[in-house]
Amino acid sequence: MMNKICIIFLLFSVLLTEQLRLITIGGCVTETVFLLGRGDDVVAVDQSSNYLSKIDGIPQVGYIRAISSEGILSMYPDRIFTTSDIGPPMVIKQIQNSGVDLEIFDSPKNINDILMLIENIGAELGEGDEAVKINKEIRSLNLYASEIKSKYINKPKIAFFMNPSANYYSAAGSQTKADYLMDYIGGNNVFSTSFEKYSKVTKEEIVFVNPDIILIGSVMSQNKDELFSVFNKKEFESINAVKNNKIFYIDMGKALSFGPSFVQNAIDLMLKIDNVSK
């Protein structure tokens, strides 16, 4: 009788300590879960989490904006954490109808949203104290970023181009994460009043707005020298960013994920820009 009780107790203990099977969809969510110390629970991630070295070897279930329910449910998750960027809507409904716990957090658009995301995920995972600690560190870094910006005499004019080529220049306008990044590092987006989202611009328009800094963003494993060579043309010689060697590469997955590392990444960029001799 005693042996049976022991066996039942052991089985019950195993059930209680069984590891959570968590899928994280969205780079900011994945980064937060790992930073909270719960990375061992993650059984799958999406492609927008690729900038994190910690996800090496973890299966992928597609891309957050074009996700597939089949790939997700085949991993038999207990819970799924994602943001409001997830789509298409039909897939969301399929996952919800499966009975799996789907938690959709608001997609961060600024520093306050990032802090809220960390707090909310921490609460869901029972890691509230760790979330408070992380947010305290981020607030401290945010103050440091403000100190750097306070030393600027003039706000630099910045242009952000996504995957530019010799004959195609897609620039970030207002209502983009790139626009927020440019503002956060203390600059003015030269195209913020021209259009929303991303739009193709001409060489003449680029010369006219004359950015002091050019940021080249890419999410592909594209040759950086090839991207930089796009602006190494005679027609761009008069641009301040070109004359002063102020053209910088941005890993969009890393810099624009708006996860816990956003502020540190922004500071690294600010210091990099400042350290380039004029």
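Side-chain contact check for N135 versus E119: some heavy-atom pair is nearer than 4.5 Å. In this structure, the side chains of L115 and R139 come closer than 4.5 Å at one or more pairs of heavy atoms. Side-chain contact between N189 and I158 is absent, with no heavy atoms from C-beta onward closer than 4.5 Å. Looking at heavy atoms from C-beta onward, V242 lies out of side-chain contact with E237 at the 4.5 angstrom threshold. D101 is not listed as a side-chain neighbour of I80, based on a closest heavy-atom distance of 4.5 Å or more. Proximity of L256 to F160: side-chain heavy atoms (C-beta onward) are separated by under 4.5 Å at one or more points. Between I206 and F236 there is a side-chain heavy-atom pair separated by less than 4.5 Å. In this structure, the side chains of Y169 and V230 come closer than 4.5 Å at one or more pairs of heavy atoms.
For the pair D212 (side chain) and K157 (backbone), a donor-acceptor distance under 3.5 Å is present. Under the 3.5 Å distance criterion, the side-chain polar atoms of E205 are matched with a main-chain donor or acceptor of T202. A distance-only check finds a donor-acceptor pair linking the side chain of R21 to the backbone of M75 [under 3.5 Å]. Using a distance-only test at 3.5 Å, with no hydrogens or angles considered, no donor-acceptor pair links the side chain of T176 to the main chain of A172. Judged by distance alone, with hydrogens and angles left aside, the side-chain atoms of N50 form a donor-acceptor pair with the main-chain N or O of Q47 at under 3.5 Å.
Heavy-atom neighbours of D251 CG from other residues, nucleotides or ligands within 6.0 Å: above the threshold of 12. For Y76, the OH atom counts as loosely surrounded, since its 6.0 Å shell holds 12 or fewer non-hydrogen atoms of other residues, nucleotides or ligands. At most 12 heavy atoms of other shown residues, nucleotides or ligands fall within 6.0 angstrom of atom NZ in K136.
Taking the ring axis of Y184 as reference, the NZ or CZ atom of K149 stays within 45° of it and closer than 6.0 Å to the ring centre.
Classification of the F161-F231 ring pair by plane angle, with boundaries at 30° and 60°, yields tilted.
Taken from CD1 in I104 to OG in S84, the straight-line distance is 8.0 Å, to the nearest 0.5 Å. Taking CD1 of I213 as the reference point, atom NZ of K246 lies at 6.0 Å (rounded to 0.5 Å).
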Check against side chain to side chain donor-acceptor pair (under 3.5 Å), Q264 and S261: CA-CA 5 Å; Q264 183 61 65; S261 63; over 6 Å; no

Using the side-chain contact (heavy atoms from CB on, under 4.5 Å) rule, take E196 and S174 through it: C-alpha gap first, then chi angles, then the decisive distance, then the call. CA-CA 5 Å; E196 298 175 356; S174 62; 3.4 Å; yes

Apply salt bridge (Lys or Arg N to Asp or Glu O under 4.0 Å) to R65 and D85, showing your working. CA-CA 6 Å; R65 297 183 186 275; D85 288 331; 3.6 Å; yes

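Ring centroid separation for the pair F228 and Y249 does not come in under the 6.0 Å cut-off.
I134 and I118 make their closest contact through CG2-CD1, 4.1 Å (heavy atoms, listed as atom of the first residue, atom of the second, distance). Summarising the geometry of S107 relative to D113, their closest heavy-atom pair is O-OD2, 4.2 Å, with the distance given to 0.1 Å. Pairing each heavy atom of N142 with each of V263, the nearest pair is N-CG1, 3.8 Å. Here the closest non-hydrogen pair linking P211 and I239 is O-CG2, 3.5 Å.
If you chain together hydrophobic residues whose side chains sit under 4.5 Å apart, I273 and Y144 fall into the same group. There is no path of hydrophobic side-chain contacts, each under 4.5 Å, that joins L73 to F81.
A donor and an acceptor atom, one from each side chain of D179 and S192, are nowhere located under 3.5 Å apart. Defined by atom type and a distance below 3.5 Å, a donor-acceptor pair is present between the side-chain atoms of D46 and S49. Remark: the N120 side chain and the E103 side chain contain no N/O donor-acceptor pair separated by less than 3.5 Å. Checking Y63 against S48 by side-chain atom types alone, no donor-acceptor pair falls below 3.5 Å. Using modelled atom types, one finds a donor on one side chain and an acceptor on the other under 3.5 Å when comparing Y51 with E31.
Using a 4.0 Å cut-off between a side-chain N of Lys or Arg and a carboxylate O of Asp or Glu, E127 and R38 qualify as a salt bridge.
Exactly one residue among L117, I114, N110, T83 makes a side chain to side chain contact (heavy atoms under 4.5 Å, CB included) with F258. That residue is I114.
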